[in-house]
Amino acid sequence: MKVPDSKGYFGRFGGKFMPETLVFCLAQLEKHYRKIRTSRKFRQELGYYLKEYVGRPSPLTHAVRLSGQLGMKIYLKREDLLHTGAHKINNTVGQALLARYMGKKRIIAETGAGQHGVATATVAALFGMECDVFMGEEDIRRQRMNVFRMQTLGARVIPVSSGTRTLKDACSEALRDWVSRVKDTYYLLGSVIGPHPYPMMVRDFQSVIGQEAKRQFRQKEKRLPDYLVACVGGGSNAIGLFYPFFNDKKIKFIGVEAAGEGFFKNSHHSASLVRGRIGILHGTKSFLLQDAYGQISEAHSVAPGLDYPGVGPEHAYYQQIKRAHYVAVNDAQAIEGFKLLSLCEGIIPALESSHAVYYLNIMAKKKANRNKKVILCLSGRGDKDLEIVQEWIR
């Protein structure tokens, strides 16, 4: 698929809406990335770290009891089994190698649930780089253990007290920092958001998920699946699964957003693709949660990694061309998905992935889906969320 175009657009979405200070940096970043992406040496080095350090390939596990309960044959793409416990490490290894190639000494990142922050701190330690991670105070409160993990790995966690004190504001602060230290600093963005070339780069590094899943499913079933299902915040795990299957037109893509609490009464709690309008945030044009005056609305989800009021431009494009269908699952339903997978399969999922797990219940109620074959991307493990679930159940 030949998107994005040379200006970074996926159809009408994407682009590069940034201060002049960063336009040259983004152009240099794209130049270096396009050069190394076809380099045999870089690909071999990336492949080495993905296999020997990250733990790829991740298994494609047949969820036998869950399949029996729901009447569909469900496979889990086990990104939860990777080093650091989530898919985020795929992208951070790739971008850290790029940063090293560019001669950068310092890495900065934003994080919500803490998984991208942990993965960034991990690769910074691996390659001997200075690391600062921006994290909203509300997310620091909810993800104390991940904060300690980052600090243990040598990263400095910088609290963000502005705005909603969550992921959106952490992104804004990281961009401000980058403007002030562009010469020695590499901004390692964690999702398929932001200005071009980030949505393209993160997609490419996460596409290993779908590439492996396609090979593994063919080996197991001698065919391709009927559905691909994944949670969507910024959308990196979902794009990583969907993109390698883009031209397999019979396969249906389902992206599951966070509806937050009281979604059906308040359209501005979350779910950018389901309820949002087109706007510009963090350098890219996509669907955003906005009020009547075009101001960015607060996003809410029980899953910290889905607390973002926008979505990657490639997802917006997939919705526009009707290649993917996007739905919303609320907090209470996500908790039910969390419990369902834990009790059926002995796998404790991240609350982000739990949104996608719950949606399988809705799919199973349709007779047309009986015996359909499904791949669900289990984007991360749920250790980080046990305190949140404990509070919710109380």
Pairwise side-chain contact, Gln216 with Lys77, heavy-atom cut-off 4.5 Å (strictly under): yes
Counting only N and O atoms by type, is there a donor-acceptor contact under 3.5 Å from the side chain of Ser286 to the main-chain atoms of Val311? yes
Provide the full list of ring pair (Phe, Tyr, Trp, His ring centres under 6.0 Å) pairs with a residue in residues 158-184, sequence neighbours left out, each pair given once. Trp178-Tyr187
Just checking, any donor-acceptor pair under 3.5 angstrom between side chains of Asn91 and His116? no
Between Asp177 and Arg106, is a salt bridge (Lys or Arg N to Asp or Glu O under 4.0 Å) present by the stated rule, with each step listed? CA-CA 12 Å; Asp177 181 281; Arg106 175 176 176 254; 2.9 Å; yes
Can you tell me if Lys322 uses its side chain to pair, donor with acceptor, with the backbone of Gln319 under 3.5 Å? no
Residues that, via side-chain heavy atoms closer than 4.5 angstrom, fall in one hydrophobic cluster with Phe17: Tyr9, Ile280
Are Val374 and Ile239 connected into the same hydrophobic cluster when the rule is that any two of I, L, V, M, F, W, Y join if their side-chain heavy atoms are below 4.5 Å apart? no
Apply ring-ring contact (aromatic ring centres under 6.0 Å, His included) to the pair Phe246 and Tyr318, showing each step before the final yes or no. CA-CA 10 Å; Phe246 183 87; Tyr318 283 17; 5.3 Å; yes
Pairing donors with acceptors under 3.5 angstrom, does anything connect the side chains of His32 and Tyr101? no
Check Arg142 with Asp307, please: is the shortest side-chain N to carboxylate O separation under 4.0 Å? yes
Run the ring-ring contact (aromatic ring centres under 6.0 Å, His included) check on Phe287 and Phe13 step by step: do they pass? CA-CA 9 Å; Phe287 282 101; Phe13 305 102; 5.5 Å; yes
Exceeds 12 heavy-atom contacts within 6.0 angstrom, atom CZ of Arg43: no
Contact check, side chains of Leu378 and Ile347, non-hydrogen atoms, under 4.5 Å: yes
Is there a donor-acceptor contact under 3.5 Å linking the side chains of Glu257 and Tyr326? no
If you measure from CD1 on Ile74 to CG on Leu376, what distance do you get to the nearest 0.5 Å? 8.0 Å
Using side-chain heavy atoms (C-beta onward) and a distance below 4.5 Å, is Thr111 in contact with Thr120? no
Lys384 vs Glu352, salt bridge (Lys or Arg N to Asp or Glu O under 4.0 Å): CA-CA, chis, key distance, verdict: CA-CA 11 Å; Lys384 67 183 180 62; Glu352 289 78 14; 2.8 Å; yes
So which atom in Val192 and which in Ser236 form the shortest heavy-atom distance, rounded to 0.1 Å? CG2-N, 3.8 Å
Got a salt bridge between Glu173 and Arg176, using NZ or NE/NH1/NH2 to carboxylate O under 4.0 Å? yes
For Ser272 and Pro309, indicate whether the former's side chain and the latter's backbone hold a donor-acceptor pair under 3.5 Å. yes
Do Phe217 and Phe245 make the cut of ring centroids closer than 6.0 angstrom? no
Please list, chain by chain and in numerical order, all residues satisfying salt bridge (charged side-chain N to carboxylate O under 4.0 Å, His left out) with Arg40, sequence neighbours excluded. none
Positive for ring pair (Phe, Tyr, Trp, His ring centres under 6.0 Å) with Tyr33, one of Tyr186, Phe205, Phe42: Phe205
Inter-residue atom distance Asp204.CG - Arg37.CZ, 0.5 Å rounding: 4.5 Å
Arg149 side-chain N/O to Thr122 backbone N/O, donor-acceptor pair under 3.5 Å: no
Between Lys7 and Asp5, does any NZ, NE, NH1 or NH2 come within less than 4.0 Å of an OD or OE carboxylate oxygen? no
Under a 4.5 Å side-chain heavy-atom rule over Ile, Leu, Val, Met, Phe, Trp and Tyr, are Met129 and Ile89 clustered together? yes
Among residues at least two apart in sequence or on other chains, which ones pass side-chain hydrogen bond (donor to acceptor under 3.5 Å, both in side chains) with Glu30? Arg34, His196
Pair Glu212-Arg215, salt bridge (Lys or Arg N to Asp or Glu O under 4.0 Å): steps then yes or no: CA-CA 5 Å; Glu212 287 179 6; Arg215 291 193 300 269; 5.0 Å; no
Looking only at heavy atoms, the pair that brings Leu343 and Arg65 closest together is O-NH1, 3.1 Å
Please check: side-chain N/O of Asp169 versus main-chain N/O of Gly136, any donor-acceptor pairing under 3.5 Å? no
When Ile, Leu, Val, Met, Phe, Trp and Tyr are grouped by side-chain heavy atoms lying under 4.5 Å apart, directly or through other members, which residues fall in the same group as Val147? Val118, Val133, Met135, Ile140, Met150, Leu153, Val157
Examine the side chains of Glu221 and Tyr75 and answer whether a donor and an acceptor come within less than 3.5 Å of each other. yes
Decide yes or no for Val182 and Phe24: does some side-chain heavy atom of the first lie under 4.5 Å from some side-chain heavy atom of the second? no
Heavy atoms only: give me the nearest Ile278-Gln290 pair and the separation to one decimal. O-NE2, 3.2 Å
Value for CZ (Arg181) from CG (Asp132), rounded to nearest 0.5 Å, stands at 7.5 Å
Check Asp226 with Lys373, please: is the shortest side-chain N to carboxylate O separation under 4.0 Å? no
Is it the case that the side chains of His282 and Tyr308 hold a donor-acceptor pair, with the cut-off being a distance below 3.5 Å and no angle test? yes
Please report the shortest heavy-atom distance between Pro199 and Phe10, naming the atom on each side. CB-CE1, 4.0 Å
Other than Phe148, which residues form its hydrophobic cluster under the rule that side-chain heavy atoms must be closer than 4.5 Å? Met145
Hey, does the side chain of Gln333 reach the backbone of Ala328 with a donor-acceptor pair shorter than 3.5 angstrom? no
Does Lys285 have any salt bridge (charged side-chain N to carboxylate O under 4.0 Å, His left out) partners at least two apart in sequence or in another chain, and if so, which? none
Can you list the residues that meet the side-chain hydrogen bond (donor to acceptor under 3.5 Å, both in side chains) rule with Ser353, with sequence neighbours excluded? Ser379
Please answer whether the main-chain N or O of Lys372 pairs with a side-chain N or O of Asn369 as donor and acceptor at a distance below 3.5 Å. no
Residues which pass side-chain hydrogen bond (donor to acceptor under 3.5 Å, both in side chains) with Glu79, listed by chain and number, not counting sequence neighbours: Arg56, Ser58, Asn90
Under 3.5 Å, side chain of Asn237 to main-chain N/O of Cys231, donor-acceptor pair present? yes
When rounded to the nearest 0.5 angstrom, what distance separates CG in Leu167 from CG in Leu306? 9.5 Å
Determine whether more than 12 heavy atoms belonging to other residues, nucleotides or ligands lie under 6.0 Å from atom CD1 of Ile348. no
Mind checking what makes salt bridge (charged side-chain N to carboxylate O under 4.0 Å, His left out) contact with Glu110, not counting sequence neighbours? none
So, do Val229 and Val357 sit near enough that their side-chain heavy atoms are less than 4.5 Å apart? no
Please list, chain by chain and in numerical order, all residues satisfying side-chain hydrogen bond (donor to acceptor under 3.5 Å, both in side chains) with Glu387, sequence neighbours excluded. Arg144
Sequence neighbours excluded - ring pair (Phe, Tyr, Trp, His ring centres under 6.0 Å) pairs with any residue from residues 353-394: none
Using every non-hydrogen atom in the two residues, find where Pro225 and Ile251 come nearest and quote the distance to one decimal. O-CG1, 3.2 Å
